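One structure is given below, encoded as structure tokens.
Because the structure is a prediction, the values reported are computed rather than measured. We name chains A, B, ... by the order of the sequence lines, and we start the count at 1 in each one.
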Amino acid sequence: MTELDFERRESMDFIREIVARDIQSGRYHGRVVTRFPPEPNGYLHIGHAKSIALNFGIAEEFGGVCHLRFDDTNPETEDMEYVEAIMRDVRWLGYDWQDKLFFASDYYEQFYQFAEQLIVDGKAYVDSLDEEGIRQYRGTVTEPGRPSPYRDRPIEENLDLFRRMRAGEFPDGAHVLRAKGDLAAANMKMRDPVLYRIRHATHYRTGDDWCIYPMYDYAHPISDAIEGVTHSICTLEFENNRAIYDWTLDNLYEEPRPHQYEFARLNLDYTVMSKRKLLQLVEENYVAGWDDPRMPTIAGLRRRGYTPEGIRLFCKRIGVDKTNSRVQIEVLENAIRDDLNARAPRVMAVLRPLKVTLTNYPADRSEWLEADYWPRDIDKSGTRQVPLARELYIERSDFSQNPPEGWTRLAPGSEVRLRHAYFIRCDEVVTDPATGEVVELRCSYDPDSLGKPSTAERRRSTAIQWVAANHAVPVEVRLYDRLFTVANPDEVEEGKTFKDYLNPKSIDVIDTALVELSLAQAEVGSRYQFVRHGYFIVDGDSTAQKLVFNRIVDLPDAFTAKLAGVVKGREARQETEKQPSEVVVGSISEERERARTADVWLAEKYASFMATLGLTPEQADPITGSREVVAFFEAALETGASARTVANWINNEVLRLFRDRRDGDLPFSAADLGELAKLIDSGAVTTAAAKTIYTEMAAGNGSPQQIVHRLGLDQTLSESELTTLVQQVLAKLPDKVAEYRSGKVSLLGMFTGQVMRATGGKADPRQVQELLRRQLEA
RNA sequence: UGGGGGAUAGUUUAAUCGGCAGAACACCUGACUCUGGAUCAGGCAGUUGGGGUUCGAAUCCCUGUCCCCCAGCCA
């Protein structure tokens, strides 16, 4: 069992809910097939990890499979190098596509045949407008497009032209194949989307076999359908494209066919996530390559020392939703720490050494001390020997000439514990006379303090790390920090680019660092915790002469953070003053206002409903937006129901039916609504029961009277029957009753709900609450 | 500006039919500690504004505001 298994998903995200529902309903006969469809034109980054975890995760959880498909429909940017890098990264993250490795380029012939079919069906045509022309004819978001002069070419001519496009008779850009969509569509994507373009380019897999290439919007849905994908999950910016997705498959496939769902892509603070920008950082040498440990690429994170398990844990913690969001970098770092905490052995390293001489330790002596690799709270064991001698090094920052309040490290005249070893006392501070810099500490050690806990007399000290001078291993340590100085580098000031916000201190190379002897033969890729510093990994740049360590992530340091007064993680936060909200009186719709201006009859109704029926403007407005609704309202009143009740029900419930109905009539008549209102007015049914009745009416299940009779809503419960129900409900929830009695009175609503449900809505909630209070306070 | 999507603690998210606003990260207190780490205990903090329906609204109705996406022969 891994750590991941312990973090149980207590609720499903909306996509998993859809998958679960489709399994339940048998839509795909229980099959679940997802896919991760990268284009091989760049390296994968942490944002892709979210998508990979989603797609492969769903497949695993629901007993399905996830395909790895390269969406390679653009010969000009794609390359085998990327294919290999992507496969390596997905595998490294711990996912397995089994034998389901696919390439859209393998479907080229099929795409082509389908395209001919669309032409023959009169659903696609060859357009000979140039790029600029197409743009012109497409219109804008507010103006409809116009048909291209080539839109009505005969089918035979389209077919001929399209075949000659394939045969290579035309130069790039001469013609395109377009879908016959809807030039007036509000969704710009549907204004005759391009399906094929001519590109005389060599494709990294198909070579020069083709000179026409399909567009994403056309190739993607067909690829999904060919592979039998059930749930095609992509990011939010493709929401508009779903219309083409559906258009394509509705024309070429039968249900059950794949369907597309969209979720919000990941944004992380202090980094960028667009392939274009990452490519720029690499090509313009702002970083050392795709796998620079500062990069948010999977390759970069791997080199940095992040673990697949840590990244997966992160993905689980951030969840999946449709809200655009920016995740704080701490969430990622914390997931990595949580993973590393249990798997990285603790060792000692001194990054900025300060020499210490133990004046009472014989110069010719040395000893080997046993040191645990793991702290008490980690359920692992193992030790190594560390050498101690007269001269050693400690961390410069573990000594202070003028210690601040609360200092538990070394200071003149005071003691500190050397981790795994003795207490030492600082007797003398040697400084460089020229600079005043501390160059050496002369200390005495307490030979009796080995393995003994600090006593009451001996003040509590930090156990600091150290290395013996004669056995210290010099290494290079690379400390990494955030790549950018601002949380959102995509948001730039006038005249600047994201590159103006690069953090000049994103890497700090320390070549004076010393590590303990046990690390002398450390292997590339092994991870350690340098006690009190952070987690580190041996980098591939290491040589036989010198090891190189990357800092994966540091350790929180509450003391230093507090001293510095830095409030970590929210230093940029401003106290945003809440604007006093404008008080808007009333809420009259402009649209209906216009309708009444245009139609005096409506305006008169509006006025008279207020004057003679006593409706408020807010009640009168929604029912006087169209003659149809007015007529419905007046017809309902003829039953003798009160205007107020009918108006409220129309406003809150019936208007939705008018809006949503597909065709023809409402499922009930105005007279039915009037009858319902009368039942409410007379107190014959409770409002709770009225809701039930209305729901039945809306479902077309008869008149109010019939429904009341059928459901027995006219029967009333005696007080003693109700009391019994109340007691039963309370008896089932003893914990909640106790909570209520100890002050959590908001539980009354929950109790009420329970009782109301038990009565099937027949009870009066006010009476229920009265009885509940009596019982609860008894 | 037309269309599409979105808004719940500082952040990411949960809340079944309208019925307990819950968690994680961050932050603050304390305990413990041979890591100022980890762990444990406690705390601060929220439904985008206004109005309505209801015994009861994050959820339903009306009306504002803000954010994102779409006018590539990229994906």
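- In this structure, the side chains of V726(A) and F751(A) stay at 4.5 Å or more apart for every pair of heavy atoms.
- Per the geometry, CG belonging to L733(A) stands 12 Å off C1' belonging to G19(B), to the nearest Å.
- Only the P atoms considered, G37(B) is 13 Å distant from A31(B), to the nearest whole Å.
- Contact annotation for K744(A): base contact, defined as any heavy-atom pair under 4.0 Å involving a base atom.
- If you measure from atom CD of E333(A) to atom C1' of U11(B), you get 14 Å, rounded to the nearest angstrom.
- For residues 184-197 of chain A, every residue pair satisfying the salt bridge (charged side-chain N to carboxylate O under 4.0 Å, His left out) rule, not counting sequence neighbours, is listed here: R151(A)-D192(A).
- Aromatic ring pairs are classed by plane angle as parallel below 30°, tilted from 30° to 60° and perpendicular above 60°; the pair F530(A) and F536(A) is parallel.
- Side chain E330(A) to base C25(B): no donor-acceptor pair is found below 3.5 Å.
- Side-chain N/O atoms of R242(A) include none lying less than 4.0 angstrom from OP1 or OP2 on G5(B).
- For the residue pair T624(A)/R592(A), the side-chain donor-acceptor check at 3.5 Å is not satisfied.
- Taking atom C1' on both nucleotides, G42(B) is separated from A57(B) by 32 Å, rounded to a whole Å.
- The side chain to side chain donor-acceptor pair (under 3.5 Å) test applied to Y82(A) returns no partner, not counting sequence neighbours.
- Spacing between atom CD of E618(A) and atom P of G64(B) amounts to 13 Å, rounded to whole angstrom units.
- U12(B) and U16(B) are spaced 23 Å apart, taking the C1' atom of each and rounding to whole Å.
- Taking every heavy atom of both residues into account, E39(A) and D71(A) meet most closely at CG-O, 3.5 Å.
- Nearest-nucleotide mapping onto RNA chain B: of M750(A) and P765(A), the residue sitting toward the 5' end is M750(A).
- Rounded to whole Å, the separation between the C1' atoms of U8(B) and G49(B) comes to 15 Å.
- As judged by a 4.0 angstrom heavy-atom cut-off over every strand, A688(A) is placed among residues making no nucleic acid contact.
- For Q328(A), whose side chain is taken as the heavy atoms from C-beta onward, the closest listed nucleotide among G19(B), G10(B), C34(B) is G10(B).
- Using modelled atom types and a 3.5 Å distance limit, the side chains of D127(A) and Y137(A) yield no donor-acceptor pair.
- Within the 3.5 Å criterion, the main-chain N or O of M215(A) finds no donor-acceptor partner in the side chain of H220(A).
- In this structure, I680(A) places its CD1 atom 10 Å from P of C55(B), rounding to the nearest Å.
- Counting only distance, with no hydrogens or angles, the side chain of R16(A) and the backbone of F14(A) share no donor-acceptor pair below 3.5 Å.
- Regarding contacts with the backbone of U63(B), a side-chain N or O of R592(A) is found under 4.0 angstrom from either OP1 or OP2.
- Under the side-chain hydrogen bond (donor to acceptor under 3.5 Å, both in side chains) criterion, the residue pairs touching residues 644-658 of chain A are Q619(A)-N648(A), S642(A)-T645(A), T645(A)-D681(A), E653(A)-R656(A), with sequence neighbours excluded.
- A salt bridge does not link K452(A) to D446(A): none of the charged side-chain nitrogens sits closer than 4.0 Å to a carboxylate oxygen.
- Comparing C70(B) with A38(B), their P atoms sit 41 Å apart, to the nearest whole Å.
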Sugar-phosphate or base contact per nucleotide [nucleotides 69-75 of chain B; S, B, -; heavy atom under 4.0 Å]: BSBSBSB
Given E237(A) and T235(A), is the side-chain hydrogen bond (donor to acceptor under 3.5 Å, both in side chains) satisfied, shown in steps? CA-CA 6 Å; E237(A) 66 269 25; T235(A) 46; 3.1 Å; yes
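- Residue contacts shown for S325(A) are limited to sugar-phosphate atoms, with no base heavy atom under 4.0 Å away.
- Counting only distance, with no hydrogens or angles, the side chain of W466(A) and the backbone of R419(A) share a donor-acceptor pair below 3.5 Å.
- Counting heavy atoms of neighbouring residues, nucleotides and ligands inside a 6.0 Å radius, atom CZ of R326(A) exceeds 12 of them.
- Listed pair K316(A) / A23(B) fails the phosphate criterion, with no side-chain N or O lying under 4.0 Å from OP1 or OP2.
- Within the 4.0 angstrom heavy-atom criterion, only backbone atoms of the sugar-phosphate kind lie near R644(A); the bases stay farther away.
- Within 4.0 Å (heavy atoms only), T687(A) reaches sugar-phosphate atoms of the nucleic acid but no base atom.
- Separation of the P atoms belonging to U59(B) and A15(B) is 15 Å when rounded to the nearest angstrom.
- When the P atom is compared between A23(B) and A45(B), the two are found 14 Å apart, to the nearest whole Å.
- Nearer the 5' end of RNA chain B, as judged by each residue's closest nucleotide, is the contact made by T142(A), out of T142(A) and Q619(A).
- Using atom P as the reference point in both G46(B) and U53(B), the two lie 27 Å apart (nearest Å).
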At under 4.0 Å between heavy atoms, how does the protein contact nucleotides 35-40 of chain B? Give one character per nucleotide, 5' to 3', with B, S or -. BBBB--
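- Backbone-only contact: I318(A) has heavy atoms under 4.0 Å from sugar-phosphate atoms and none from a base.
- Between K736(A) atom NZ and G19(B) atom P there is a gap of 14 Å when expressed in whole angstrom units.
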For RNA chain B, produce a single dot-bracket line, 5' to 3'. Pairs: Watson-Crick or G-U wobble, both distances under 3.5 Å. Symbols: ( ) within strand, [ ] crossing, | other strand, . unpaired. .((((((..((((.....[..)))).(((((.......)))))....(((((..]....))))))))))).....
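- In this structure, the CD1 atom of I623(A) is 14 Å from the P atom of C62(B), given to the nearest Å.
- For E132(A), the CD atom sits in a packed shell: over 12 heavy atoms of surrounding residues, nucleotides or ligands are nearer than 6.0 Å.
- Atom CG in L748(A) sits roughly 17 Å away from atom C1' in A21(B) (whole-Å rounding).
- For G49(B), the O4'-C1' to base torsion is more than 90° from 0; the nucleotide is therefore anti.
- Counting non-hydrogen atoms under 4.0 angstrom, G451(A) reaches a base of the nucleic acid.
- Proximity of S746(A) to the phosphate of C20(B): no side-chain N or O atom is located under 4.0 Å from OP1 or OP2.
- Taking the O4'-C1'-N9-C4 or O4'-C1'-N1-C2 dihedral as appropriate, C17(B) has a value within 90° of 0 and is therefore syn.
- When rounded to the nearest whole Å, the span between CZ of F263(A) and P of C68(B) equals 20 Å.
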